[in-house]
Amino acid sequence: MRFALDPGLPSCCDGSVIVSYQPCAALALHVEKLWYCDGHRRGHGTQQVLLPNGRFQLVISLAESPINALIDPMGDSGGIAPALLIGIRSRFNIIDTAKLRSAMGVVFRPGGVHALLDALTDAFHNKNVSLDLIWGSMVRSLRDRLRTGNDPAEKFRVLEVALLARLNERLQLSTAVRYALQEFARRPEIPRVRELAHEAGLSRRRFSQLFRVQVGLTPKLYCRLQRFQNTLKLIASVTCVDWAELALAAGYCDQAHLAHEFRDFSGLSPSAYLASPSPSGSFFHRFTQAT
């Protein structure tokens, strides 16, 4: 079996059983994991910050109500629908877990959603879009099948088959974009786009265009997000943080540069993030608000 309890997986539900599922080989190049959660306790006063992570995600409500739990602090509330495509983000969101009891989701690999969309991926930057506007009437029948599935294993199989049906093998990432994603994952510093384009055998303009329409962000902004996520992992790996040392290890010019980037992406200073309850390197960072 390719599914297991995964308490470390970011989820929409607090205090729930979370199950993750590794996709079949045909999907593995595009999908990082599928997840399912259920059993959220109503009346809980906890909200979570959804930190930008350089990933597209699908979220499908398995409850009666549509998804209306995402709050954009910048004022763009996004879609309210039974199923949402969460576009690649460069700013944080807040999710109200009390409004979403049961759900399934898909976390795509960087660039992985390109083969499952009929539109350019950069059109979804910082947007949450009703999935039926993209995939049409099949979304309703898919959600019905997921809701009536007997157990998580059956639900995962239904979702996996639906993703395979949408997969367009002709929409492959270009060689240059694949090379860039590998380099960005390998190098903590932000490489110069012009140099990387030259290594990929393209002009800077053509390389940036390809990367943006296939991954969803400009190469530079994507690199900044990767560096931010690496910073969260470094914070989680130590018991006492030396901010100046961590800034250099993460690829920032100095501590001030780290603080500026951290606030841009999380809405918090690094020290405020560390002082808040349960800081971690996961996609969701939990904090408690009075209700």
Side-chain angles (χ1 to χ4, degrees), residues 2-4 6 8-12 18-36 50-60 83-90 93 104-129 131 134-135 156 159-188 191 196 200 207 210-230 232-233 265 281-284:
R2 285 178 277 122
F3 67 95
D6 189 350
L9 182 70
S11 133
C12 62
I18 306 167
V19 183
S20 67
Y21 178 87
Q22 298 304 311
C24 65
L27 280 177
L29 290 177
H30 309 280
V31 173
E32 185 173 304
K33 64 178 66 179
L34 284 63
W35 57 263
Y36 165 74
L50 174 61
L51 298 177
N53 61 4
R55 303 287 196 277
F56 273 81
Q57 298 189 59
L58 291 183
V59 181
I60 302 172
L84 286 177
L85 174 67
I86 301 177
I88 193 169
R89 302 191 63 82
S90 57
N93 249 354
M104 293 193 72
V106 180
V107 180
F108 292 97
R109 296 189 185 279
V113 79
H114 176 62
L116 288 100
L117 291 180
D118 296 325
L120 302 180
T121 56
D122 60 336
F124 301 97
H125 179 206
N126 281 336
K127 296 184 183 300
N128 306 324
V129 181
L131 191 58
I134 306 168
W135 286 354
F156 282 131
L159 184 53
E160 190 173 53
V161 168
L163 292 171
L164 286 169
R166 296 294 311 182
L167 188 61
N168 186 346
E169 294 291 356
R170 293 175 298 175
L171 294 178
Q172 295 292 331
L173 294 179
S174 71
T175 302
V177 170
R178 287 200 303 271
Y179 170 76
L181 289 172
Q182 291 170 356
E183 288 298 296
F184 293 158
R186 185 179 65 86
R187 297 157 69 171
L196 201 57
F207 168 73
L210 276 175
F211 193 95
R212 189 182 70 251
V213 301
Q214 294 185 3
V215 177
L217 295 175
T218 64
K220 184 173 182 179
L221 182 52
Y222 177 84
C223 279
R224 288 173 58 205
L225 282 174
Q226 288 293 106
R227 184 171 59 187
F228 171 68
Q229 280 292 317
N230 288 336
L232 297 182
K233 293 174 184 177
F265 290 133
S282 67
F283 300 160
F284 290 92

Report task. Run the numbers on L116 and W135 for side chain to side chain contact (heavy atoms under 4.5 Å, CB included), then give the verdict. Result -> CA-CA 9 Å; L116 288 100; W135 286 354; 4.2 Å; yes
Query raised in the report: Where do W35 and V59 land on the side chain to side chain contact (heavy atoms under 4.5 Å, CB included) test, with the steps shown first?
Result: CA-CA 9 Å; W35 57 263; V59 181; 4.3 Å; yes
**Report entry** Derivation and outcome, side chain to side chain contact (heavy atoms under 4.5 Å, CB included), residues I88 and F108
**Finding:** CA-CA 10 Å; I88 193 169; F108 292 97; over 6 Å; no
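Closest approach of F56 to L85, counting heavy atoms only: CD2-CD1, 3.9 Å. Summarising the geometry of A200 relative to A176, their closest heavy-atom pair is CB-CB, 3.7 Å, with the distance given to 0.1 Å. The two residues L171 and H114 make their nearest non-hydrogen contact at O-CD2, 3.3 Å. Q226 approaches R55 most closely through the heavy-atom pair OE1-NH1, 4.0 Å. S174 and Q214 make their closest contact through N-OE1, 3.0 Å (heavy atoms, listed as atom of the first residue, atom of the second, distance). Contact detail for Y222 and G54: the closest heavy-atom pair is CE1-O, 4.1 Å.
Between I134 and F124 the shortest side-chain heavy-atom distance falls below 4.5 Å. Under the 4.5 Å side-chain criterion, counting only non-hydrogen atoms from C-beta, R224 is not in contact with F228. Residues L58 and L159 fail the side-chain proximity criterion, which asks for heavy atoms closer than 4.5 Å. Put simply, the side chain of N128 reaches to within 4.5 Å of the side chain of R89, judged on heavy atoms. Side-chain contact between L34 and M104 is absent, with no heavy-atom pair separated by less than 4.5 Å. Contact of the F184 side chain with the P110 side chain is not registered, since no non-hydrogen atoms from C-beta on lie closer than 4.5 Å. Using a 4.5 Å heavy-atom threshold, the side chains of L225 and F265 count as touching. A heavy-atom distance below 4.5 Å is found between the side chains of Y179 and L196.
Although no hydrogens or angles enter the test, the distance criterion places a donor-acceptor pair under 3.5 Å between the side chain of R178 and the main chain of L173. Judged by distance alone, with hydrogens and angles left aside, the side-chain atoms of N53 form no donor-acceptor pair with the main-chain N or O of Q229 at under 3.5 Å. At least one donor-acceptor pair under 3.5 Å links the side chain of E160 to the backbone N or O of C24.
Relative ring orientation between Y21 and F156 is described as parallel, the plane-to-plane angle staying below 30° on a 0-90° scale split at 30° and 60°.
For R109, the salt bridge (Lys or Arg N to Asp or Glu O under 4.0 Å) test picks out no residue, with sequence neighbours left out.
Here the straight-line distance linking atom CD of Q57 with atom NZ of K33 works out to 10.5 Å at 0.5 Å rounding.
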